[in-house]
Amino acid sequence: MPTHSITNQKIINTLREIALYLRATDVPFKPQAYETAAEGIAGLESELADMYKRCGKKCIKGIPGVGESIAEKIEEIVTTGRLEFYAELKKKYPFDMLALTNIQEVGPKTALKLYKELGVKTVNDLQRACKANIVEKVEGLGHKSEQKIMRGIAFLKSNKGRRIIHDVLPLARHIVERLEKIDGVTHVDITGSLRRRKETIGDIDLVATTSKPRELIAAFKAIPEVSRVLESGNEKIAVRYNSGILGDLLILPPESYGAALLHFTGSREHNILLRELAISKKMKLSEHGLFKGNKCVASKTEESIYKALGLVWIPPELRIGADEIEAAKNNEIPDLIPYGSIKGDLQIQSSWTDGTASIDEMARAAKKYGLSYMAVTDHTKALAMTHGLDEKRLRAQGREIDKLNKKLRGFTILKSTECDILKDGRLDLRDDALRALDLVTVSVHTFFEMPEREMTARIIAAIKHPLVNILLHPTGRVVGRRAPYKIEMDRVMRAAKDFGVALEINGSERLDLHEQYIREAIKQKVKLVISSDAHDPSHYVNLEHGIAQARKGWARKADILNTKPCDQLLKALKRV
DNA sequence: GCCGTTTTCGGCCCGACTGTTTTCAGTCG
């Protein structure tokens with residue numbers, strides 16, 4: 001019977017491991033199919049086990065990259081908890097393929113060879129084998145390979161894998177600034193998952209053009225942020241930065257810059273679709289350009305390449321290898337909300353509760369960031385650990401805001417609250433206190449483990465409360481740290497639509513809503529806002545991450561209410 | 001194993017770099 005212990009991640013790992021075993025044994029084409037299916041599942045927001053419960057194999061087959069055979073395998077996993085085909089592979093090759101291939105320089109073939117020759121089953125086995133200098137004796141490997149593998153293992157153990165974009169983007173921009181100053185350099189751009197604004201980043205990919213490649217290569221290797229050079233060719237250098245993150249720099253002639261930008265921005269799946277499209281038009285696409293025979297059709301700009309393929313330019317945030325190509329063919333790519341177009345922040349915490357700065361300091365920082373209003377949304381008393389406000393302190397805070405508003409020019413502070421939704425769906429503050437505010441935001445911070453039906457009812461009860469304007473971080477997730485709570489989002493969205501409550505796109509490390517829900521909310525005409533959840537004056541940059549999230553969800557400026565001036569925003573937040 | 005503005009069969013993305021080799025296999029993005 002279906003169990004909750006079968007997570008999507010577990011199924012993804014199983015499919016990926018199967019792909020690796022098949023690759024190791026030179027099975028043609030199937031590995032790609034299993035990887036594509038795993039990728040399709042990774043893009044899902046709902047649990048496969050739940051989908052299967054709801055509508056069986058039919059739903060599973062609807063996932064891109066999943067056909068008859070893999071759908072059957074997923075069915076077997078969610079109903080029995082195991083997969084015979086996988087178990088047989090594991091019996092024949094009882095080593096940890098996923099973990100071993102996670103090591104840089106170790107692919108499926110090397111892992112298999114190490115198992116066959118040395119009996120290596122785990123990363124620890126391999127580390128011991130390297131130390132005993134027996135890896136270099138294996139045919140096809142040598143001393144240098146052994147050294148590389150050893151370093152790869154050390155790196156893996158020191159590093160917890162991908163990092164949240166909030167931590168990586170500032171470093172990447174800093175490196176770009178440094179490289180732009182080097183003599184001869186004409187362009188430097190961030191590419192890869194950072195340019196696509198994925199929520200977690202594995203490495204920093206940069207591309208550059210220069211009239212003096214030797215100088216750039218030498219200068220790049222010498223910048224203080226680089227701790228080790230891993231690879232160095234004429235047009236590609238791979239390094240590790242001091243913070244532990246990996247980075248690549250590609251150096252290219254200006255005439256193929258667009259093709260290179262396109263290629264290294266990815267995603268891999270998007271690139272594959274583009275190349276297949278090129279082939280169908282009797283052309284060939286690579287990082288050097290789009291070619292018809294030997295003739296280069298387009299290469300200087302991304303736009304020219306998309307155009308030659310019969311597509312409009314696709315913003316990087318949408319390049320995931322799903323339906324964006326089809327949309328580009330039909331000229332249906334929306335005009336995405338531009339960065340920097342948020343006029344006011346609707347969630348900030350001050351030192352009245354768990355923020356680091358006074359309301360005054362937060363307001364000045366907001367103004368400096370270019371905003372014209374902000375809502376003060378301190379926590380409420382149920383969250384004792386944040387020293388949450390009760391009715392009396394909230395009134396006192398209101399008086400302070402009145403005073404500040406008289407002093408500030410060209411900036412408005414809105415009285416608000418992040419009112420806790422109690423376990424039974426009631427709110428943490430009395431209605432008379434809420435009525436005195438400019439707007440009311442609500443959110444869940446406790447009892448995350450409630451059953452799906454109860455959690456849904458709890459949140460819908462809060463949405464129905466006539467004074468509520470915004471539901472904050474609607475699914476409760478924190479990237480890399482906390483999974484979303486179980487909730488029927490389709491019902492929550494319908495309630496938000498019916499009662500005129502906006503959903504927040506939280507730009508902090510929560511990145512909640514997920515982009516798939518954003519896209520769905522827009523289709524359903526649910527109101528949306530973006531906020532920073534700033535607890536410190538430096539946190540307004542989270543708005544940029546919130547916008548990125550909205551862009552990934554195909555949002556236009558008109559879809560996000562706080563792109564409007566303050567008076568219009570308050571009007572738009574009015575309940576229906 | 002998946003998929004369809006060439007297709008329900010016959011295709012399936014492209015190139016740089018490295019190390020171990022003396023022409024290429026494996027890995028990566």
Side-chain angles (χ1 to χ4, degrees), chain A residues 15 18-20 22-24 26-40 61-74 85 100-114 135-149 152 191-196 201-207 229-238 246-252 256 259-291 309-311 321 325-326 329-330:
Chain A
L15 296 177
I18 290 172
L20 289 165
L22 297 177
R23 224 178 257 292
D26 275 324
V27 175
F29 307 119
K30 290 188 187 185
Q32 183 65 42
Y34 278 95
E35 278 160 18
T36 310
E39 203 60 43
K61 263 199 79 173
I63 300 163
V66 178
E68 187 61 36
S69 170
I70 293 181
E72 266 172 29
K73 291 187 171 68
I74 293 171
F85 176 60
L100 286 167
T101 52
N102 218 358
I103 303 166
Q104 288 276 323
E105 304 299 324
V106 179
K109 299 209 164 151
T110 307
L112 180 61
K113 200 189 295 182
L114 289 166
V135 170
E136 63 177 40
K137 309 262 179 353
V138 176
E139 196 185 338
L141 300 173
H143 183 64
K144 284 194 167 175
S145 301
E146 185 176 85
Q147 295 290 309
K148 266 192 169 180
I149 291 170
T191 67
S193 52
L194 254 181
R195 184 165 178 238
R196 302 197 313 277
I201 305 296
D203 54 13
I204 298 175
D205 293 321
L206 306 174
V207 298
V229 177
L230 303 172
E231 207 179 271
S232 179
N234 290 327
E235 58 184 58
K236 182 185 170 190
I237 306 152
L246 299 173
D248 287 328
L249 173 67
L250 282 303
I251 298 169
L252 298 136
S256 60
L261 205 52
L262 184 64
H263 175 80
F264 291 107
T265 296
S267 66
R268 184 179 307 194
E269 293 74 22
H270 181 84
N271 286 349
I272 289 173
L273 291 178
L274 287 183
R275 289 192 187 136
E276 285 172 355
L277 184 60
I279 291 169
S280 77
K281 293 179 183 292
K282 311 265 186 246
M283 294 189 275
K284 189 185 73 166
L285 179 62
S286 77
E287 64 260 51
H288 302 297
L290 181 64
F291 294 89
L309 289 170
L311 306 173
I325 308 249
E326 207 50 39
K329 265 184 209 163
N330 303 327

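Chain letters run A, B, ... following the sequence lines, proteins first and then strands; every chain starts at 1.
Residue contacts for E276(A): at a heavy-atom cut-off of 4.0 Å it reaches the sugar-phosphate backbone alone, with no base atom in range. Within 4.0 Å (heavy atoms only), K73(A) reaches sugar-phosphate atoms of the nucleic acid but no base atom. Contacts of L250(A) with the nucleic acid, taken as non-hydrogen atoms under 4.0 Å apart, are absent. Using a 4.0 Å heavy-atom cutoff across all strands shown, L274(A) reaches no nucleic acid atom at all. Using a 4.0 Å heavy-atom distance criterion, H143(A) is classed as a sugar-phosphate-only contact. At a threshold of 4.0 angstrom between heavy atoms, the contacts of P108(A) are confined to the sugar-phosphate backbone, with no base atom among them.
Among the nucleotides dT27(B), dC14(B), dT18(B), the one closest to any side-chain atom of K148(A) is dT18(B). Nearest nucleotide to the side chain of E235(A), out of dT20(B), dA16(B), dT27(B): dA16(B). In the set dC17(B), dG19(B), dG29(B), the nucleotide with an atom closest to the side chain of E231(A) is dC17(B). When distances run from any side-chain atom of S145(A) to the nucleotides dG1(B), dT20(B), dG26(B), the shortest one goes to dT20(B). The side chain of D205(A) lies closest to dG29(B), out of dG29(B), dG1(B), dC14(B). When each of dG1(B), dG19(B), dC28(B) is scored by its nearest atom to the side-chain atoms of Q104(A), the top-ranked nucleotide is dC28(B). Residue H263(A) has its side chain nearest to dG29(B) when only dT18(B), dG29(B), dG19(B) are considered. The nucleotide whose nearest atom lies closest to any side-chain atom of K30(A) is, among dC17(B), dG1(B), dC28(B), dG1(B). For H288(A), taking side-chain heavy atoms from C-beta onward, the closest of the listed nucleotides dG29(B), dG15(B), dC14(B) is dG15(B). Listed candidates were dG26(B), dC14(B), dG1(B). Nearest to the side chain of K284(A) is dC14(B).
Separating the C1' atom of dG10(B) from that of dG15(B) is a span of 25 Å, rounded to the nearest Å. Comparing the same atom, P, in dT22(B) and in dG29(B) gives a spacing of 28 Å after rounding to whole Å. Comparing the same atom, C1', in dC17(B) and in dG11(B) gives a spacing of 30 Å after rounding to whole Å. Rounded to whole Å, the C1' atom of dC14(B) lies 25 Å from the corresponding atom of dC9(B). For dC28(B) and dT23(B), the P atoms lie 26 Å apart once the distance is rounded to whole Å. Comparing dG1(B) with dT8(B), their C1' atoms sit 15 Å apart, to the nearest whole Å. A gap of 24 Å separates the P atoms of dA16(B) and dT21(B), to the nearest Å. For the P atoms, the distance linking dG19(B) with dC12(B) amounts to 32 Å, nearest Å.
Across the interface with DNA chain B, nearest-nucleotide mapping of T101(A) and A71(A) shows A71(A) to be the residue nearer the 5′ end. Nearest-nucleotide positions on DNA chain B for N271(A) and L230(A) put N271(A) closer to the 5' end.
Contact between the side-chain N/O atoms of S232(A) and the OP1/OP2 oxygens of dC17(B) is not found at any separation under 4.0 Å. For the OP1/OP2 pair of dG26(B) and a distance below 4.0 Å, the side-chain nitrogens and oxygens of K109(A) include at least one atom meeting the criterion. For S69(A) and dG1(B), the shortest distance from a side-chain N or O to OP1 or OP2 is below 4.0 Å.
Among the candidates V207(A), N271(A), D248(A), L206(A), the single residue satisfying the side-chain contact (heavy atoms from CB on, under 4.5 Å) test with F264(A) is V207(A).
If you check dC14(B) for Watson-Crick or wobble pairing at under 3.5 angstrom, you find it paired to dG29(B).
The pair R23(A)-E35(A) counts as a salt bridge, with a side-chain nitrogen and a carboxylate oxygen less than 4.0 angstrom apart.
E136(A) is linked by a side chain to side chain donor-acceptor pair (under 3.5 Å) to H143(A), counting only residues two or more places apart in sequence or in another chain.
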As a quick check of understanding, evaluate side-chain contact (heavy atoms from CB on, under 4.5 Å) for H263(A) and L250(A), giving each step before the final call. CA-CA 11 Å; H263(A) 175 80; L250(A) 282 303; over 6 Å; no
